[in-house]
Amino acid sequence: MDLQLAGRRALVTGSSGGIGAAVAGMPAAEGCDVLAHGRNADAAAEVARRAAAHGVRAEVVLGDLGEPDGAARVAAVARDSGVHLLVNNAGPFAEHDWDGVRPADRQRAFEGNVFSAARTTQALLPALRAHGWGRVVDIGSRAVRTPLPNMVECSAAKAAVVNMTTTLARHLAGTGVTANRVSPGVIETPSTRRMFEERGEPAAEAAARYAPNPVGRLGRAEDIAGAVLYLASPSPTT
């Protein structure tokens, strides 16, 4: 299936592992150049190497999007590279309840999930509008609809991402640039597998208790990547 992404260029933030790595791989398989982002140079380089195996141009950009200067550097590289597709996937995850959460935890959650995406998006918007075509896809969370008592700051931050995406979509109406959001449930990644193992609960058994769903398994990074790919394609909207 041709999703009309060949020759375009994507920046996937937080793509050195987990969901982001899967998201970076699928556009590459469709002929889309990829800019892999992270803070771990070796991990990001490996994602870029796998993307390049599809015959596309794949490069790495490093930087902490939770810091204004870091976000500005990443956005500048993406802008100079002619990015058409921005996937705001970067975002820290932590578990705190109301008794244990600290102001610094809340600040970190909003800096990493909300402000980072806002900075990168705002820096790239003029170039996307100048192209006359672009896609912004924000990665949310199931915690938006079902806030979790052990994720108080992350639940609130991801709810703010929903609001941000909605206002952006309305702001961009008629420009050829769209904004959408994908909100994963519990996804089986190396980090979640470690989390369950530390609790003495294999990931394969966690779906029944921690994230019950009709499919009977945890989500996979490829599931989310497929949804992002659909929203990134010109096919659904043009």
> Where do S16 and N40 land on the side-chain hydrogen bond (donor to acceptor under 3.5 Å, both in side chains) test, with the steps shown first?
Replying inline: CA-CA 7 Å; S16 56; N40 184 311; over 6 Å; no

> Do D138 and V87 pass the side-chain contact (heavy atoms from CB on, under 4.5 Å) test, and can you show the C-alpha distance, the side-chain angles, and the key distance before you say yes or no?
Replying inline: CA-CA 6 Å; D138 294 328; V87 182; over 6 Å; no

>> Does R142 form a side-chain contact (heavy atoms from CB on, under 4.5 Å) with S183? I'd like the steps, not just the answer.
In response: CA-CA 6 Å; R142 70 161 181 157; S183 290; 5.9 Å; no

> Going through the checks in order, is the side-chain contact (heavy atoms from CB on, under 4.5 Å) test met by T178 and L172?
Replying inline: CA-CA 6 Å; T178 64; L172 293 171; over 6 Å; no

>> With salt bridge (charged side-chain N to carboxylate O under 4.0 Å, His left out) as the criterion, how do R102 and E153 come out once you've worked through the C-alpha distance, each side chain's angles and the decisive distance to 0.1 Å?
In response: CA-CA 9 Å; R102 301 165 301 174; E153 76 275 30; over 6 Å; no

>> Let's go through L86 and R135 carefully: what are the C-alpha distance in whole Å and the side-chain angles of both, what is the deciding distance for side-chain contact (heavy atoms from CB on, under 4.5 Å) to 0.1 Å, and is it a yes or a no?
In response: CA-CA 6 Å; L86 168 63; R135 298 289 184 264; over 6 Å; no

>> Let's go through T120 and N88 carefully: what are the C-alpha distance in whole Å and the side-chain angles of both, what is the deciding distance for side-chain hydrogen bond (donor to acceptor under 3.5 Å, both in side chains) to 0.1 Å, and is it a yes or a no?
In response: CA-CA 8 Å; T120 309; N88 286 311; 4.7 Å; no

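Side-chain contact between M26 and V228 is absent, with no heavy-atom pair separated by less than 4.5 Å. The closest side-chain heavy-atom distance from L229 to E30 is below 4.5 Å. Proximity of L168 to L125: side-chain heavy atoms (C-beta onward) are separated by under 4.5 Å at one or more points.
At least one donor-acceptor pair closer than 3.5 Å links the side chain of H37 to the backbone N or O of G14. Listed for the D80 side chain is no donor-acceptor partner under 3.5 Å among the backbone atoms of V77. Judged by distance alone, with hydrogens and angles left aside, the side-chain atoms of N113 form a donor-acceptor pair with the main-chain N or O of P92 at under 3.5 Å.
Rounding to the nearest 0.5 Å gives a distance of 12.0 Å between OG of S116 and CZ of F110. Atoms CG and CZ, on L65 and F115 in that order, are 14.0 Å from each other to the nearest 0.5 Å. Atom SG of C32 sits about 12.5 Å away from atom CD of Q4, to the nearest 0.5 Å. Atoms CZ and OG1, on R170 and T165 in that order, are 12.0 Å from each other to the nearest 0.5 Å. Rounding to the nearest 0.5 Å places OG1 of T166 at 5.5 Å from CZ of R181. Note that OG1 of T175 and CH2 of W133 are 11.5 Å apart. Values are rounded to the nearest 0.5 Å.
Side chain to side chain, N150 and D97 fail the donor-acceptor criterion of an N or O pair below 3.5 Å. Defined by atom type and a distance below 3.5 Å, a donor-acceptor pair is missing between the side-chain atoms of S81 and R79. For the residue pair T13 / N89, no side-chain donor-acceptor distance below 3.5 Å is found, with atom types taken as modelled.
S15 and V47 make their closest contact through O-CG2, 3.1 Å (heavy atoms, listed as atom of the first residue, atom of the second, distance). Taking each heavy atom of R9 and L35 in turn, the nearest pair found is NH2-CD1, 3.9 Å. Between A10 and V83 the shortest heavy-atom distance is C-CG2, 4.3 Å. Across all their heavy atoms, A159 and V144 have their closest contact at N-CG2, 3.8 Å. Nearest heavy-atom pair across V161 and I139 is CG1-O, 4.4 Å. Pairing each heavy atom of L11 with each of A78, the nearest pair is CD2-CB, 3.7 Å.
Note: the hydrophobic cluster containing L231 does not contain V136 (ILVMFWY, side chain heavy atoms under 4.5 Å, direct or indirect links). Under the 4.5 Å side-chain heavy-atom criterion for Ile, Leu, Val, Met, Phe, Trp and Tyr, Y230 and V12 are members of the same hydrophobic cluster. Linking Ile, Leu, Val, Met, Phe, Trp and Tyr residues whenever their side-chain heavy atoms come within less than 4.5 Å places V23 and V182 in a single cluster.
The environment of R145 atom CZ is sparse: at most 12 non-hydrogen atoms of other residues, nucleotides or ligands sit within 6.0 angstrom.
S141 is linked by a side chain to side chain contact (heavy atoms under 4.5 Å, CB included) to A143, K158, counting only residues two or more places apart in sequence or in another chain. Under the ring-ring contact (aromatic ring centres under 6.0 Å, His included) criterion, H171 pairs with no residue, sequence neighbours left out. Residues satisfying the salt bridge (charged side-chain N to carboxylate O under 4.0 Å, His left out) criterion with E46, sequence neighbours excluded, are R49, R50. Under the side chain to side chain contact (heavy atoms under 4.5 Å, CB included) criterion, A72 pairs with no residue at all, not counting sequence neighbours. When the side chain to side chain contact (heavy atoms under 4.5 Å, CB included) test is applied to T167, the partners found at least two apart in sequence or on another chain are N163.
The existence of a salt bridge linking R108 and D105 is confirmed by a sub-4.0 Å separation between a basic side-chain nitrogen and an acidic carboxylate oxygen. A salt bridge between E111 and R119 is present, with a side-chain N of the basic residue lying under 4.0 Å from a carboxylate O of the acidic one.
Using a 4.5 Å cut-off between side-chain heavy atoms of Ile, Leu, Val, Met, Phe, Trp and Tyr, V152 falls into a hydrophobic cluster with W98, V101.
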